[in-house]
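Keep in mind it's a predicted model, so treat the numbers as computed, not measured.
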2 protein chains.
Amino acid sequence: MEASALFRRHGYQATSTRQIAAAVGIRQPSLFHHFANKQAILEALFSLSLDNAVVVAERTANASGSAAARLHDYLVWDLETLLSLPLSLSELYSSDILRAPELAHWAAKLESLYLALEKLVRQGIEAGEFVATDPVLIRILIANVTIAHIQYADERPDRDPKKLARDGARFVLAGLSNMESAHLDELISGTRSR
Amino acid sequence: MEASALFRRHGYQATSTRQIAAAVGIRQPSLFHHFANKQAILEALFSLSLDNAVVVAERTANASGSAAARLHDYLVWDLETLLSLPLSLSELYSSDILRAPELAHWAAKLESLYLALEKLVRQGIEAGEFVATDPVLIRILIANVTIAHIQYADERPDRDPKKLARDGARFVLAGLSNMESAHLDELISGTRSR
DNA sequence: GTCTATATTTGGATAGAC
DNA sequence: GTCTATCCAAATATAGAC
């Protein structure tokens with residue numbers, strides 16, 4: 001948790017192991033009793049934030065039914081999960097740390113998540129539910145709107161994560177959607193299973 | 001330009017002056033003939049990307065007429081400008097470099113831009129044009145949607161900046177807007193002066 | 001305007017005591 | 001599991017020649 005907060009504020013590379021150690025009240029070398037090296041701390045954060053998301057995104061992309069409804073459900077779940085985690089992850093995903101060869105495993109995992117989202121978006125475009133925009137741009141937009149909500153939750157920890165998650169999902173769907181807002185409301189308001 | 005590309009990929013702190021020098025084909029100490037120190041390079045980038053934007057945002061917030069139309073015009077101008085700049089600025093604004101006390105001047109400038117945008121959003125909410133969401137969240141969303149488009153343009157340099165700018169502005173307006181999409185289209189399609 | 005050489009600081013990681 | 005002491009590499013910046 002402390003490392004993620006420091007990574008978010010200063011970036012991974014610019015955060016020293018001395019800072020992380022100080023944040024948890026121990027000396028710098030003591031960190032290496034718990035983590036093999038600095039990178040292992042980073043990988044633990046990727047694991048916590050990514051392992052489940054990939055599974056859920058792929059299941060969502062391979063399910064049937066309205067793509068808009070499925071994307072909405074995924075976004076609500078993802079935002080709710082991320083906003084409830086006691087971690088500050090925005091920097092990890094907006095920087096290019098994942099281009100480092102040592103982190104190829106996590107880059108591949110994130111790529112799987114992206115592919116699942118692009119597949120889902122493509123289904124929505126083909127069904128006429130979404131405006132015909134490059135799915136790559138939409139995927140980047142989704143990632144950044146997610147980051148925006150994490151940043152907002154960092155600034156305003158008093159906000160309700162569930163409401164924020166619903167509002168965030170609605171913002172994305174409204175921007176992508178071809179339909180009138182009345183129809184969109186109807187689609188979104190229904191309680192669906194997960 | 002080279003420094004901005006390196007900052008985007010690795011972050012400001014993690015980019016060494018050696019890397020910047022190598023990118024422009026000189027040795028590391030030669031850099032200091034052109035810039036007093038590493039920070040001066042960063043400040044030049046903030047100046048290029050921020051000086052005009054603050055002026056335009058404040059003028060827009062203090063103008064009259066539909067807030068939705070004014071926000072749309074501002075977004076198109078801002079995106080078009082940023083996407084046409086031969087710079088990669090996303091990292092500068094998504095990281096927390098600006099919290100450093102030495103950069104307080106630029107943090108204040110960005111804060112002015114944010115305040116102008118929040119003012120404009122507040123006008124739109126009061127006029128019933130926008131959904132009633134915290135203007136702070138909307139401001140963060142706008143910043144991140146902007147970053148998303150810069151990231152996309154980095155990945156796909158062949159895309160038309162003007163079309164991207166229009167699409168980006170439309171995405172934001174659709175997400176904020178209370179009105180039906182037909183009405184929104186009408187609002188957006190009009191050619192307005194700047 | 002660029003170079004080589006170098007001063008100085010800071011960072012990640014290890015050794016070994018308690 | 002934490003500590004002190006320390007090694008070694010890398011980074012910013014300066015000095016001074018060409």
Side-chain angles (χ1 to χ4, degrees), chain A residues 1-48 86-107, chain B residues 1-48 86-107:
Chain A
M1 291 167 50
E2 297 292 348
S4 79
L6 287 164
F7 292 165
R8 187 189 72 78
R9 294 183 60 124
H10 310 296
Y12 168 68
Q13 322 252 18
T15 300
S16 70
T17 53
R18 284 175 172 83
Q19 287 176 289
I20 301 172
V24 293
I26 61 177
R27 303 279 171 161
Q28 182 256 359
S30 304
L31 263 189
F32 295 87
H33 180 80
H34 304 274
F35 295 91
N37 47 39
K38 188 185 172 185
Q39 185 180 303
I41 302 174
L42 181 66
E43 295 193 52
L45 292 171
F46 278 121
S47 177
L48 281 167
L87 302 174
S88 308
L89 302 162
S90 52
E91 217 283 329
L92 269 57
Y93 293 96
S94 55
S95 77
D96 275 16
I97 319 173
L98 279 175
R99 298 206 192 196
E102 320 88 67
L103 297 171
H105 169 244
W106 297 104
Chain B
M1 288 168 52
E2 297 293 346
S4 79
L6 287 164
F7 292 165
R8 187 190 72 81
R9 293 183 61 126
H10 310 295
Y12 168 69
Q13 323 251 15
T15 300
S16 70
T17 52
R18 272 174 240 276
Q19 287 175 291
I20 301 171
V24 293
I26 60 177
R27 304 280 172 160
Q28 183 257 357
S30 305
L31 264 189
F32 294 89
H33 180 78
H34 305 274
F35 294 91
N37 48 42
K38 187 184 173 185
Q39 186 180 303
I41 302 174
L42 181 67
E43 296 192 53
L45 292 169
F46 278 121
S47 177
L48 281 167
L87 302 173
S88 309
L89 302 160
S90 53
E91 217 280 333
L92 269 57
Y93 292 96
S94 55
S95 77
D96 274 14
I97 319 172
L98 279 176
R99 298 206 192 197
E102 320 87 69
L103 297 171
H105 169 242
W106 297 103

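A:Q19 places its CD atom 13 Å from the C1' atom of C:dG12, with the value rounded to the nearest Å. Separating the CZ atom of B:F32 from the P atom of D:dA11 is a distance of 12 Å, rounded to the nearest angstrom. Between A:I26 atom CD1 and D:dT2 atom P there is a gap of 5 Å when expressed in whole angstrom units. Look at CD on B:Q13: it is 10 Å from P on D:dT12, rounded to the nearest Å. Rounded to whole angstrom, the span from the CD atom of A:E102 across to the P atom of C:dG12 amounts to 14 Å. Atom-to-atom, CG of B:L31 to P of C:dT4 comes out at 14 Å; the value is rounded to the nearest Å. A straight line from CZ of B:F35 to P of C:dT2 spans 12 Å, rounded to a whole angstrom. Taking atom CZ on B:R27 and atom C1' on C:dT6, their separation rounds to 16 Å, with Å as the unit.
At the phosphate of D:dT12, OP1 or OP2 sits under 4.0 Å from a side-chain N or O atom of B:T17. For C:dT10, neither phosphate oxygen OP1 nor OP2 lies less than 4.0 angstrom from any side-chain nitrogen or oxygen of A:R18. Residue A:H34 has a polar side-chain atom (N or O) positioned under 4.0 Å from OP1 or OP2 of D:dT2. For B:H33 and C:dG1, the shortest distance from a side-chain N or O to OP1 or OP2 is below 4.0 Å.
Counting all heavy atoms, side chain and backbone alike, A:A107 lies closest to A:L98 at CB-O, 3.5 Å.
With hydrogens and angles disregarded, no donor-acceptor distance shorter than 3.5 Å links the side chain of B:S88 to the backbone of B:R8.
Checked by distance alone, B:Q28 brings a side-chain donor or acceptor within 3.5 Å of a matching partner on the base of D:dA13.
A distance of 12.5 Å separates CD1 in B:I20 from NE2 in B:H34, rounded to the nearest 0.5 Å. Summarising the geometry, atom CG belonging to A:L92 is positioned 5.0 Å from atom CG belonging to A:L42; distances are rounded to the nearest 0.5 Å.
Classified by interplanar angle (parallel below 30°, tilted 30° to 60°, perpendicular above 60°), the ring pair B:Y12/B:F7 is perpendicular.
Among the heavy atoms of the strands lying under 4.0 Å from A:S30 is at least one base atom, whether or not backbone atoms are also near.
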